[in-house]
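Take a look at the structure below.
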Amino acid sequence: MTGEFETIRELFAPLAHPEWGRGLLDDVAVVPSRPGYDLVLTKDALVEGVHFLPDDPLDTVAQKLLRVNLSDLAAKGAEPFGYLLACGWSPRCGWSEREDFVLGLARDQATYGVMLLGGDTVSTPGPATFSATMMGWTPKDSVIGRDGARPGDRVFVTGRIGDGRLGLMAAQGRLRLDQERLDALIDHYRRPAPQWAFAPMIRELATASVDVSDGLIADAGHIATASGVGIVLDLERTPVSPAGQAWLEGRADAQDGLLQLATGGDDYEIAFTVRAEDEDRLRRLAEQIHVRVTGLGEVVAGTGLHVRHLGAPVAVETPGWTHD
Ligand code: ADP
Ligand code: MG
């Protein structure tokens with residue numbers, strides 16, 4: 001039994017919003033407008049062989065799907081409430097794989113307070129493909145764009161950078177570290193941890209903000225471009241996990257290692273700018289909610305993203321991951 005209607009009725013309907021999803025029995029979902037708020041939407045797709053590996057368990061694929069979208073909303077300061085889901089099942093997605101997928105959705109719905117609103121279900125002879133449209137609210141006119149950075153602002157990033165790239169290498173068997181570290185990295189690659197609790201801080205203090213998904217340097221560069229400013233980053237300040245530190249120590253060229261971490265994708269952290277006078281308050285508030293924030297550099301007049309290592313300029317050929 002893997003029919004479209006059985007899948008919707010048995011597996012997806014229990015995840016639906018009790019009113020807005022209409023039991024997944026209608027053609028549409030209906031979300032009442034919320035006075036005083038803006039509706040903020042984002043969409044990300046995951047393709048087997050590109051964003052997840054063919055042997056990744058489908059519960060983790062479902063979690064990654066929600067989390068990469070939640071990361072975009074967090075970077076804008078938005079609070080998520082629900083999502084639309086498109087599933088393109090490949091031949092390997094039998095009933096029990098679909099059950100696994102739904103288990104992952106259910107787990108993260110509980111963690112992040114979001115509910116399923118509707119979607120589409122198809123089969124494909126090609127690689128499995130999943131896409132979600134995540135929706136959230138921000139108080140009216142308070143969404144934080146990429147375009148608000150001004151010279152003198154400080155540049156920060158949440159969490160740690162590089163575990164996404166190392167996690168992919170670990171999952172592909174291309175990394176030599178002890179097993180505990182490898183397992184933690186693989187789990188991070190499969191199930192990144194979006195900084196959703198940080199959204200109110202972004203709203204309150206960030207002048208510009210971006211989700212770090214393609215590579216820290218590439219994504220910080222998006223702020224520079226959108227804001228019409230220059231950004232100077234000090235590579236040695238890149239926050240690295242203990243596993244990342246262990247990996248760096250095994251490398252002859254520290255600068256090249258750091259550059260690989262700062263240009264690898266799949267981190268799902270938030271890079272943002274704050275006014276210099278807000279820096280202390282940011283550090284205090286972030287500590288209260290136990291989110292690590294690290295200062296990386298500053299916004300300057302001019303254009304472009306400039307990387308330094310121990311004071312010397314670094315040429316960056318590929319700032320991050322791009323699809324053709
Ligand atoms: P259509 O004929 O317009 O494609 P469907 O029969 O595919 O409509 O969908 C019927 C209902 O099931 C709709 O409410 C739709 O939103 C919901 N639905 C279909 N697939 C999914 C899914 N993957 N996740 C959530 N809801 C879904
Ligand atoms: Mg359909």
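Keep in mind that the numbers below use all heavy atoms, side chains included, and drop hydrogens, waters and symmetry copies. Only a predicted model underlies this, so the values are computations on that prediction, with no experimental measurement involved. All residue numbers in this chain count up from 1 along the given sequence. Order of listing sets the numbers, starting from 1, for every ligand and every atom in it.
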Should the pair Asp278-Arg281 be classified as a salt bridge under the 4.0 Å nitrogen-to-oxygen rule?
no
State, yes or no, whether a side-chain contact exists between Thr133 and Tyr83 at a heavy-atom distance under 4.5 Å.
no
Close approach, Arg22 and ligand 1, non-hydrogen under 4.0 angstrom
no
In terms of atom number and element, which parts of ligand 1 are under 4.0 angstrom from non-hydrogen atoms of Glu4?
6 (O), 7 (O)
For Thr121, atoms of ligand 1 separated by under 4.0 Å from a heavy atom:
19 (C), 20 (N), 21 (C), 22 (C), 23 (N)
Quick note on ligand 1: atoms under 4.0 Å from a heavy atom of Phe12 include exactly 22 (C), 23 (N), 24 (N)
If you measure every N/O of Asp27 against every N/O of ligand 1, is any gap under 3.5 Å?
no
Closest by any non-hydrogen atom to atom 24 (N) of ligand 1: pick that one out of Leu85, Leu25, Val28.
Leu85
Quiz question: by atom type and distance under 3.5 Å, do the side chains of Thr121 and Glu4 form a donor-acceptor pair?
no
Lys/Arg N to Asp/Glu carboxylate O, Arg237 vs Asp234, below 4.0 Å:
yes
Students often mix this up, so state it plainly: with edges at 30° and 60°, are the rings of Phe81 and Trp20 parallel, tilted or perpendicular?
perpendicular
Applying a heavy-atom cut-off of 4.0 Å, say which part of Leu116 lies close to ligand 1: side chain, backbone, both or neither.
side chain
Quick note on ligand 1: atoms under 4.0 Å from a heavy atom of Phe5 include exactly 6 (O)
Take a 6.0 Å sphere around CD of Glu287 and say whether it holds more than 12 heavy atoms from other residues, nucleotides or ligands.
no
For ligand 1, which atoms have a heavy atom of Asp26 less than 4.0 angstrom away?
11 (C), 13 (C), 14 (O)
With a cut-off of 6.0 Å (strictly less than), are more than 12 heavy atoms of other residues, nucleotides or ligands near CD of Glu180?
no
Below the 3.5 angstrom mark, is there an N/O of Ile8, backbone or side chain, next to an N/O of ligand 1?
no
